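Presented below is the structure to which this report refers.
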Amino acid sequence: MASHLFRRVLRNPNNSSRVFSSLDRSFSSDSNLIRATIFPGDGIGPEIAQSVKQVFSTAGVPIEWEEHYVGTEIDPRTQSFLTWESLESVRRNKVGLKGPMATPIGKGHRSLNLTLRKELNLYANVRPCYSLPGYKTRYDNVDLITIRENTEGEYSGLEHQVVRGVVESLKIITRQASMRVAEYAFHYAKTHGRQRVSAIHKANIMQKTDGLFLKCCREVAEKYPEIVYEEVVIDNCCMMLVKNPSLFDVLVMPNLYGDIISDLCAGLIGGLGLTPSCNIGEGGIALAEAVHGSAPDIAGKNLANPTALLLSAVSMLRHLELNDKADQIQDAILKTIAEGRYRTGDLGGKSTTTEFTNAVCDHL
Ligand code: ATP
C-alpha cells in the first residue's frame, strides 16, 4: 500500500505535466545516452552522488553525467562560486541532479542555492513526503506533497542596515511568482489524482505579502473546481501536521514556510536522509536535489544515507519518462530499507553509505 502510494507521487499518470515540463533532451554525441548535469556538491554530497552514479550504472540507466563542481573563486558573471558554464550546462541539458551545497561564509557573493534558483528560474520546489514501507515511524501512510515557492519571499537577499543596531530584510512577494507556483500546485494536484490544495500563510499578520499570495491562489483555485481549496495559517498547519498528517494532501506556500514545513514533513517519515525533491524551472528545467543540507558533521565518514538523493534521482528519471528504470531503482531502495539488514545510522542501523549502496545494487 505504502509502496504504491510512494510511487504515485513521482509518477505522472497521464503525462499531462508537459504543460510545465518539456521533454527536450540533450543527447551525448556518440550514443543514445541522455545528458544530465550533476553537481556532487559539498559535505556528504560527493559520497551520495557517487552512490547515485553506482546505482545508475548497475541499473543500466542511459544517462551520461556532465559533472560540475562548485568553484574556488567567485565567477563575476554569476557573482557566486558557481560558474556560468555550470549554469549553461543545466540550461542546455534541461535536467540535472544536485548534491547539497554549503555557501562559504564571506562577503561579495551570492548563496549557491540562491544563484541556482534565480539564474535558472527554478520557481517551484516539489517535496513529496511518504511513509516508507517497512520503516516504522510514529505515523503510518503519510502521503503529502509540499510545493514551495522558490524564488522570492524572505529569500530575496535584500537585507541592509538602516542605522547602527537596526537591520531590515525585505520579503518580496509578486503576483507573477505567486500565480506561477499556484498554477503549478493545482496542475500537479489535478494530474496526480490529488483532491486538495492547502495554501499555507500568515496573512493575518503579513496582510499585504501573504495576502497577495493567497489572492493568487484563490484566483487559480477557481479554475480547478474539482480540487478542494483551503487556506491554513502556518502555525496551525504545524500543529495539525504533527497531530494528524493525513489532514493534508498538496500544500503550497511561500519560500520560508516551505523550507520549514518540508523539514517538519521529513521528520514525520523518518528524517532528512529519506526525503527527495525536485526543482521545476521555466522552460522545462528539472533539477532534482535532496532536501537535506551538506551535513558537515558526518561528511567524509561514509555514514550518509544516500536515499534522499537516490529518490531525487528517481524523480529525475520520471521527468525524463524513463519510468521502467525509475521503478526498478525505487523498488530496490525500498526493499533494502524494508529488509532492514543494511540501514545507515540516521535510520538506526550501522551500515556505511557504501554497504547500503551495494545492497541497493544487489536488489536491482
Ligand atoms: P542546511 O542549512 O544546508 O539545510 P543543516 O545544517 O540545517 O543544513 P543538514 O546538513 O541537512 O542541515 O543536517 C541536519 C542533520 O541531519 C545533521 O545532523 C546531519 O548529519 C543529518 N543529515 C542530513 N542529511 C543526512 C543524510 N543524507 N544522511 C544522514 N544524516 C543526514
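Just follow the structure's listing: the first ligand is 1, and inside any ligand the first atom is 1. As a basis for the values below, the full set of heavy atoms in this structure was taken, side chains included, without hydrogen atoms, waters or symmetry mates. Predicted model, so just to flag it, every value in this text is computed and none were measured.
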Ring centroid separation Tyr224 to Phe186 under 6.0 Å: yes
Closest approach of any protein heavy atom to atom 16 (O) of ligand 1, naming residue and atom: Leu272 CD1, 4.0 Å
Distance filter under 4.0 Å to His292 heavy atoms, resulting ligand 1 atoms: 11 (O), 23 (C), 24 (N), 27 (N)
Sub-4.0 Å protein heavy atom near atom 2 (O) of ligand 1: no
Which residue and heavy atom of the protein sit nearest atom 18 (O) of ligand 1, plus the separation: Asp297 OD2, 2.9 Å
Any side-chain donor near an acceptor of the partner, Arg180 and Asn121, under 3.5 Å: yes
Point-to-point distance, once rounded to the nearest 0.5 Å, from CD1 of Ile298 to CD of Glu47: 7.5 Å
Gly293-ligand 1 polar pair, N/O distance under 3.5 Å: yes
Heavy-atom protein neighbour under 4.0 angstrom from atom 23 (C) of ligand 1: yes
Closest approach of any protein heavy atom to atom 6 (O) of ligand 1, naming residue and atom: Pro296 CD, 4.9 Å
Distance-minimising heavy-atom pair for Ala288 and Ser315: CB-OG, 4.0 Å
Residue Ala304 vicinity, atoms of ligand 1 by number, heavy atom under 4.0 Å: 28 (N)
Expected output: side-chain Gln54 to main-chain Ser51 donor-acceptor under 3.5 Å: no
Asn255 and Arg148 side chains, donor-acceptor separation under 3.5 Å: yes
Mode of Ile44 contact toward ligand 1 - side chain, backbone, both, neither (heavy atoms, under 4.0 Å): side chain
Test item, Ser294 contacting ligand 1 (heavy atom, 4.0 angstrom): yes
Check: Thr151/Glu149 side-chain N/O donor and acceptor closer than 3.5 Å: yes
Option passing side chain to side chain donor-acceptor pair (under 3.5 Å) with Asn113 (candidates Lys118, Glu289, Lys98): Lys98
Ala295 N/O to ligand 1 N/O under 3.5 Å: yes
Interfacing atoms of ligand 1 (cut-off 4.0 Å, heavy-atom, Ile298): 20 (O), 29 (C), 30 (N)
Exercise: identify the closest heavy-atom pair between Ile285 and Arg91: CD1-CA, 4.2 Å
Protein residue, atom and distance nearest to atom 28 (N) of ligand 1, heavy-atom basis: Asn305 N, 2.9 Å
